[in-house]
Visitor: 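One structure, pasted below without further comment.
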Amino acid sequence: MGHIVINNLNKEFVERRQIQRNKSGAAHFDQTIPVLDDINLEFQPGEMVCVLGPSGCGKSTLMRIIAGFDRPSSGQVLQDGKELTSPSPDNIFVYQHNGLLPWMTVWQNIELGVRHTEDLTQKEETIQEYIDMVELEGFENHYPHQLSGGMQRRAELARALVVNPEMLIMDEPFSGLDFLTHMKMREEVVNMHLFLGKTILMVTHNIDDALIMGDRVVILGDRPARVKLDRKLDFPHPRDPKTAPELQELREEIFFMLGVSYAV
Amino acid sequence: MKFKNPALVYAAFAFLISLLVWELTARFSGWSAQVFPGPGPVLISLIELTANGTLIKHSVASLFRVTAGFYLAMVLGIPLGMLLGRNTPLRLLGNPLIHFLRPISPLAWIPLSMLWFGIGDLPAVFLIFLSSFFPLLVATTIAVRSINPIYFQVATNFNFSRFETFSKIMVPATIPSIVTALRLSITIAWLVVVAAEMIAVQSGLGYLILDSRNALRMDYVMVGMVVIGVIGLLLDYIMQQLMKIESTAWGTLGSK
């Protein structure tokens with residue numbers, strides 16, 4: 001399903017390069033730097049969770065731990081009651097950029113998700129279905145570098161969805177896109193989420209993205225990162241912070257929390 | 001005037017100029033034709049050696065040795081490089097040794113290789129192997145190490161088997177750098193074969209040059225040099241064509 005519980009999660013990095021001399025002159029080569037400090041969160045199945053926070057606060061580290069690419073220093077992540085320890089096709093990670101394999105065409109990249117399907121016609125139909133879904137008909141045989149940034153993200157989204165995962169983990173999926181593509185992709189992801197109902201974790205810098213898309217907004221802050229806000233957003237789609245006073249209030253609160261005192 | 005292939009025109013022009021300089025130097029340097037033959041006598045000797053089959057025989061002998069040694073280096077160097085690139089303990093174990101052996105010129109191995117492999121093709125093949133093995137090994141190791149870690153994460157995320165990680169990630173990701181390394185090391189191999197043939201064998205272009213020097217036929221020496229240059233040019237051209245194959249060129253094809 002995609003019910004996620006994060007219990008007392010801590011993460012420390014060992015910094016080897018930094019050499020600090022104490023008074024006696026001895027060098028300390030290993031220094032542990034706490035990144036995540038006692039994170040406790042719970043996500044319901046099918047929830048769209050938007051994680052906000054300043055750059056370098058540990059959002060991506062948290063996502064990598066949930067995806068199983070990295071292990072916590074202490075604490076645990078439970079998925080449907082079982083501890084999550086390694087990457088699996090149940091939780092597909094969608095990268096900021098370069099997530100597609102550049103030596104494979106769009107078709108071949110998407111095929112990776114269904115490469116064990118034995119029925120060839122069914123496999124082809126599935127791939128085509130997802131290519132149509134992200135509106136990449138006609139680009140099946142293009143290599144990633146022949147596509148625009150937005151098309152690359154859509155192809156990667158198709159590759160993630162074709163696996164039929166329980167959860168999608170997206171690390172700033174809209175960064176670097178032009179304004180219009182950003183708006184369109186946002187709409188597509190919201191529609192896709194309403195339609196497929198998968199658990200989605202999305203890291204973003206964009207407060208409006210979080211307010212418009214999220215069923216839940218989580219704000220991480222400080223160093224090491226703690227949960228500063230964890231709020232359910234029970235508003236119907238489509239949303240517009242400008243007309244919903246409650247959202248507008250929350251928007252200003254979040255801006256303030258992230259260090260901008262005047263929300264434009 | 002417009003030419004279909006301006007690069008060829010420039011190349012022809014450069015060769016024409018150097019031919020002219022060669023001719024003029026030969027004519028006005030004061031050296032006799034025995035010491036410094038001009039293009040004319042060399043061309044006549046070239047035709048003569050081609051006609052009696054000497055040149056073909058020696059070229060084939062040299063090419064055979066290069067091919068054998070180079071293939072051996074490829075077959076051993078590239079897989080070993082893949083292994084070292086992926087396996088940190090093995091790399092830490094192997095790298096010091098590799099970087100210790102690498103700067104030793106293949107020519108320094110001549111005495112030992114003659115002692116070990118005797119007279120004939122083997123010592124030459126061994127020297128060629130040494131000359132291209134280390135560049136290929138090091139280039140492959142570096143190529144594997146510089147694969148974007150995201151691709152390995154994708155591999156674990158999509159539950160790739162070890163073989164799939166190798167065939168779908170490591171091989172295609174490293175092919176562009178490996179092809180470049182092949183192009184560079186075939187030139188080194190070709191350099192070394194000539195030197196190797198000056199000691200241990202009775203055939204090959206290196207032997208032709210040495211033998212002609214002993215007979216004081218500088219025109220034959222120059223024919224040998226010209227043929228070595230031409231074949232080197234051809235080998236490089238073949239390698240360049242290899243780089244243009246679509247699957248090897250993903251890294252450069254209209255990259256943004």
Side-chain angles (χ1 to χ4, degrees), chain A residues 60 63-71 84-105 108-117 141-152 155-156 159-171 176, chain B residues 78-79 81-82 85-86 88-89 91-92 139-140 142-183 241-256:
Chain A
S60 295
M63 292 302 120
R64 289 167 46 81
I65 290 172
I66 296 174
F69 294 140
D70 215 338
R71 301 282 299 129
L84 216 158
T85 54
S86 60
S88 92
D90 291 339
N91 311 310
I92 297 288
F93 202 94
V94 178
Y95 293 87
Q96 218 172 87
H97 41 75
N98 287 334
L100 295 168
L101 301 182
W103 46 85
M104 291 184 180
T105 60
Q108 289 167 330
N109 263 292
I110 295 174
E111 196 181 5
L112 290 178
V114 283
R115 65 195 192 287
H116 295 307
T117 308
N141 296 320
H142 283 58
Y143 284 91
H145 65 76
Q146 295 167 316
L147 304 177
S148 70
M151 290 159 98
Q152 290 181 13
E156 203 183 329
R159 187 182 69 179
L161 290 172
V162 81
V163 189
N164 195 19
E166 287 171 8
M167 178 166 65
L168 284 183
I169 303 167
M170 309 208 276
D171 190 4
Chain B
I78 294 173
M82 295 254 177
R86 263 313 257 171
T88 311
R91 184 172 59 251
L92 294 177
T140 311
I142 293 173
V144 171
R145 293 255 289 148
S146 53
I147 297 174
N148 189 338
I150 282 182
Y151 303 144
F152 288 114
Q153 285 181 8
V154 170
T156 52
N157 210 174
F158 284 82
N159 219 357
F160 277 21
S161 65
R162 268 165 177 263
F163 178 73
E164 279 176 317
T165 308
F166 175 75
S167 65
K168 290 193 168 118
I169 308 278
M170 288 170 66
V171 171
T174 51
I175 275 183
S177 355
I178 289 178
V179 171
T180 309
L182 287 175
R183 187 179 166 196
Q241 296 311 302
L242 199 61
M243 292 171 95
K244 285 185 189 157
I245 299 171
E246 192 176 15
S247 62
T248 69
W250 65 264
T252 49
L253 269 180
S255 52
K256 284 181 187 172

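Proteins get letters first, then strands, A, B, ... in listed order; numbering begins at 1 in each.
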Visitor: Please tabulate, one pair per line, all N/O donor-acceptor pairs under 3.5 Å involving side-chain atoms of residues 86-95 of chain A, not counting sequence neighbours.
Guide:
unit_1, atom_1, unit_2, atom_2, d
S88(A), OG, D90(A), N, 3.0
N91(A), OD1, Q79(A), NE2, 2.8
N91(A), ND2, Q79(A), OE1, 3.2
Y95(A), OH, Q153(B), OE1, 3.0

Visitor: For the atom pair CG (N157(B)) and CD1 (I169(A)), what is the distance rounded to the nearest 0.5 Å?
Guide: 7.5 Å
Visitor: Step through the shown structure and confirm whether more than 12 heavy atoms of other residues, nucleotides or ligands are within 6.0 Å of CZ on R71(A).
Guide: yes
Visitor: Any side-chain heavy atom of N159(B) sitting closer than 4.5 Å to one from H116(A)?
Guide: no
Visitor: Report which part of N148(B) has an atom under 4.5 Å of a heavy atom belonging to chain A: side chain, backbone, both, or neither.
Guide: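 For N148(B), the contact with chain A is made by the side chain alone.
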Visitor: Would you say F69(A) and F152(B) make side-chain contact, with heavy atoms under 4.5 Å?
Guide: no
Visitor: With a 4.5 angstrom heavy-atom cut-off, which part of R64(A) approaches chain B: side chain, backbone, both or neither?
Guide: side chain
Visitor: What residue pairs, at least two apart or across chains, pass salt bridge (Lys or Arg N to Asp or Glu O under 4.0 Å) with a residue in residues 156-165 of chain B?
Guide: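 Sorted result for residues 156-165 of chain B: R115(A)-E164(B), E164(B)-K168(B).
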Visitor: I need the minimum non-hydrogen distance between V163(A) and F158(B), along with the two atoms involved.
Guide: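 That would be CG2-CE2, 3.4 Å.
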Visitor: I need the W103(A) CH2 to T174(B) OG1 distance, nearest 0.5 Å.
Guide: 8.5 Å
